[in-house]
Undergrad: 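Here it is: the structure, laid out below.
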Amino acid sequence: MTTTPAPSTTAQARTHALHTPVIAWFDANARDLPWRHPEAGPWGVMVSEFMLQQTPVSRVLPMYEQWLARWPRPADLAAEPPGEAVRAWGRLGYPRRALRLHAAAAAIAERHGGEVPTDHAELLALPGVGEYTAAAVASFAYGQRHAVLDTNVRRVLARAVTGVQYPPNATTAAERRLARELLPDAEPVAARWAAATMELGALVCTARAPECGRCPIAAHCAWRAAGSPAHDGPPRRGQTYAGTDRQVRGKLLAVLREAHGPVPQAALDAVWDEPVQRARALDGLVADGLVEPLEGASYRLPLT
DNA sequence: AACTCGTGGTC
DNA sequence: TGACCAAGAGT
């Protein structure tokens with residue numbers, strides 16, 4: 001059992017050193033999340049992935065349960081008006097995700113016989129499913145071998161392998177290549193690795209205060225070995241919110257979500273006093289299909 | 001490639 | 001206390 005690996009510094013040599021401790025740590029520390037239960041099924045996994053885009057687990061949990069109880073299959077959601085999806089989205093944020101999830105459900109019902117597709121390319125073709133979500137559903141729901149590159153995995157790889165505190169602002173070709181190189185060969189192990197690295201980033205190798213004392217690969221971590229140097233490079237990103245169109249859109253949509261009939265213009269005008277920005281925000285909501293204009297200067301969530 | 005798109009919790 | 005952060009996608 002002392003088959004010494006080739007004395008190379010390639011990723012293939014590193015990969016074996018990381019897989020076992022990370023997966024063992026996951027076996028012992030994985031959170032018991034409902035979309036990880038077998039009964040969640042591929043549809044449950046897909047719903048959770050839409051909700052988790054840019055949104056913390058703690059806020060997703062109650063919404064996830066409500067959605068799956070109300071719409072246990074894609075066809076159930078597809079049978080309802082898109083506005084019902086937007087309303088049920090509540091305050092999860094980025095309500096266009098609700099619209100896209102509804103559209104994805106409709107596509108699944110029409111093109112895939114009501115079953116979430118297993119093929120990566122078919123997943124990617126669904127509304128609201130990008131590189132990350134396609135890989136996540138294929139991996140978590142179907143056990144396939146894909147590089148799953150979310151913000152957690154990117155941070156773990158940036159630190160453990162590349163030796164920097166934070167990954168680049170946008171996913172790079174180098175990150176994709178690295179993630180592919182590190183993927184275990186065996187399909188079920190690769191799927192386990194994907195979930196494990198994500199969980200490690202979420203629970204231990206966090207953005208602000210990583211708990212390296214609890215990290216199963218601290219001894220292998222290139223960033224630690226370099227003395228945990230502070231991030232150098234462009235600022236991570238400015239994400240101001242107060243006073244933006246997004247805030248206005250949020251206030252407008254909140255009124256429409258609460259209403260169950262047509263909402264008169266005056267009710268919308270009350271949420272923001274700057275008329276130019278208010279009109280721009282409302283136009284944007286209509287253009288996105290989140291709001292439907294009616295006769296007589298009133299609005300509602302979309303029925304079609 | 002850079003920008004937009006919600007909301008709430010944290011330090 | 002305001003800046004940062006949270007399982008991204010679409011343009």
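Naming convention: chains lettered A, B, ... in sequence-line order (proteins, then strands); numbering from 1 in each chain.
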Undergrad: Without decimals, in angstroms, what is the distance between A/Leu256 CG and B/dG6 P?
TA: 13 Å

Undergrad: Could you pick out which residue, A/Arg100 or A/Trp35, lies toward the 5' side of DNA chain C when each is mapped onto its nearest nucleotide?
TA: A/Trp35

Undergrad: Taking only side-chain N and O atoms of A/Arg91, does any of them lie within less than 4.0 angstrom of OP1 or OP2 on B/dG6?
TA: no

Undergrad: Test of understanding: clusters of I, L, V, M, F, W, Y form through side-chain heavy atoms closer than 4.5 Å, transitively. Do A/Val153 and A/Val164 belong to the same one?
TA: no

Undergrad: Have a look at A/Leu92 and say if it touches a base, only the backbone sugar-phosphate, or nothing, with a 4.0 Å heavy-atom cut-off.
TA: base

Undergrad: Are A/Arg257 and B/dT7 close enough that a side-chain N or O sits under 4.0 Å from OP1 or OP2?
TA: yes

Undergrad: Reckon A/Arg59 has a side-chain N or O less than 4.0 Å from the OP1 or OP2 of C/dA7?
TA: no

Undergrad: Is there a path from A/Phe50 to A/Leu253 through hydrophobic residues (I, L, V, M, F, W, Y) whose side chains come within less than 4.5 Å of each other?
TA: no

Undergrad: For a quick check of understanding: with a heavy-atom distance under 4.0 Å over all strands, which category does A/Tyr166 fall into, base, sugar-phosphate or nothing?
TA: sugar-phosphate

Undergrad: Starting at atom CD of A/Gln54, determine the distance to atom P of B/dT4, rounded to an integer number of angstrom.
TA: 15 Å

Undergrad: Apply side chain to side chain donor-acceptor pair (under 3.5 Å) to residues A/Gln53 and A/Tyr132 and explain how you reach the verdict.
TA: CA-CA 10 Å; A/Gln53 292 168 5; A/Tyr132 162 75; over 6 Å; no

Undergrad: Classify A/Ser48 by what it touches in the nucleic acid, base, sugar-phosphate, or nothing, heavy-atom distance under 4.0 Å.
TA: nothing

Undergrad: Look at all strands and tell whether A/Ala207 reaches a base, only sugar-phosphate, or nothing, counting heavy atoms closer than 4.0 Å.
TA: sugar-phosphate

Undergrad: Using the P atom as the reference point in each nucleotide, state the distance between C/dA3 and C/dA7 in Å, no decimals.
TA: 22 Å

Undergrad: Between A/Arg97 (CZ) and B/dC5 (P), how many Å, whole number?
TA: 15 Å

Undergrad: Rounded to whole angstroms, how far apart are CG on A/Leu203 and P on C/dA6?
TA: 12 Å

Undergrad: Taking the side chain of A/Thr133 as heavy atoms from C-beta outward, which of B/dG6, B/dC5, C/dA9 is closest to it?
TA: C/dA9

Undergrad: So, OP1 or OP2 of B/dT7: does either fall under 4.0 Å of a side-chain N or O from A/Tyr241?
TA: yes

Undergrad: Touch check for A/Arg154, heavy atoms < 4.0 angstrom, all strands: base, sugar-phosphate only, or nothing?
TA: nothing

Undergrad: CG of A/Leu290 versus C1' of B/dT7: gap in Å, rounded?
TA: 15 Å

Undergrad: Spell out yes or no: do the side chain of A/Arg246 and the base of B/dT7 have one donor N/O and one acceptor N/O closer than 3.5 Å?
TA: no

Undergrad: On DNA chain B, compare the nucleotides closest to A/Arg208 and A/Thr55; which residue's is nearer the 5' end?
TA: A/Thr55

Undergrad: Pick base, sugar-phosphate or nothing for A/Leu33, based on heavy-atom distances below 4.0 Å to the nucleic acid.
TA: base

Undergrad: Which part of the nucleic acid, if any, lies within contact of A/Gln247, taking any heavy atom under 4.0 Å across all strands shown: a base, the sugar-phosphate backbone alone, or nothing?
TA: nothing

Undergrad: Just how far, in rounded Å, is P of C/dG10 from CG of A/Asp288?
TA: 13 Å

Undergrad: Base, sugar-phosphate alone, or nothing: which one does A/Gly93 contact when heavy atoms must sit under 4.0 Å apart?
TA: base

Undergrad: Rounded to whole angstrom units, what separation is found between the CG atom of A/Leu52 and the P atom of C/dA6?
TA: 13 Å

Undergrad: Please determine whether a side-chain nitrogen or oxygen atom of A/Gln53 lies at a distance below 4.0 Å from atom OP1 or OP2 of C/dG8.
TA: no

Undergrad: Would you say A/Val116 and A/Tyr64 are hydrophobically clustered, going by side-chain heavy atoms of ILVMFWY under 4.5 Å?
TA: yes

Undergrad: How is A/Val129 classified with respect to the nucleic acid when contacts are heavy atoms under 4.0 Å: base, sugar-phosphate, or nothing?
TA: sugar-phosphate

Undergrad: Would you say A/Gln247 and A/Trp272 are linked by a side-chain donor-acceptor pair, where the criterion is simply a distance under 3.5 Å?
TA: no

Undergrad: How many whole angstroms separate atom CD of A/Gln277 from atom P of B/dT4?
TA: 13 Å

Undergrad: Within the structure shown, what part of the strands sits under 4.0 Å from A/Arg96 by heavy-atom distance: base, sugar-phosphate, or nothing?
TA: base

Undergrad: A/Trp89 near the nucleic acid: base, sugar-phosphate alone, or nothing, with a heavy-atom cut-off under 4.0 Å?
TA: nothing

Undergrad: Measure the acute angle between the ring planes of A/His231 and A/Tyr166, then classify it against the limits of 30° and 60° as parallel, tilted or perpendicular.
TA: perpendicular

Undergrad: For A/Glu274, does the CD atom sit with more than 12 other heavy atoms under 6.0 Å from it, leaving out its own atoms?
TA: yes

Undergrad: Determine the interatomic distance between P on B/dC3 and the same-named atom on C/dC4; round to the nearest Å.
TA: 16 Å

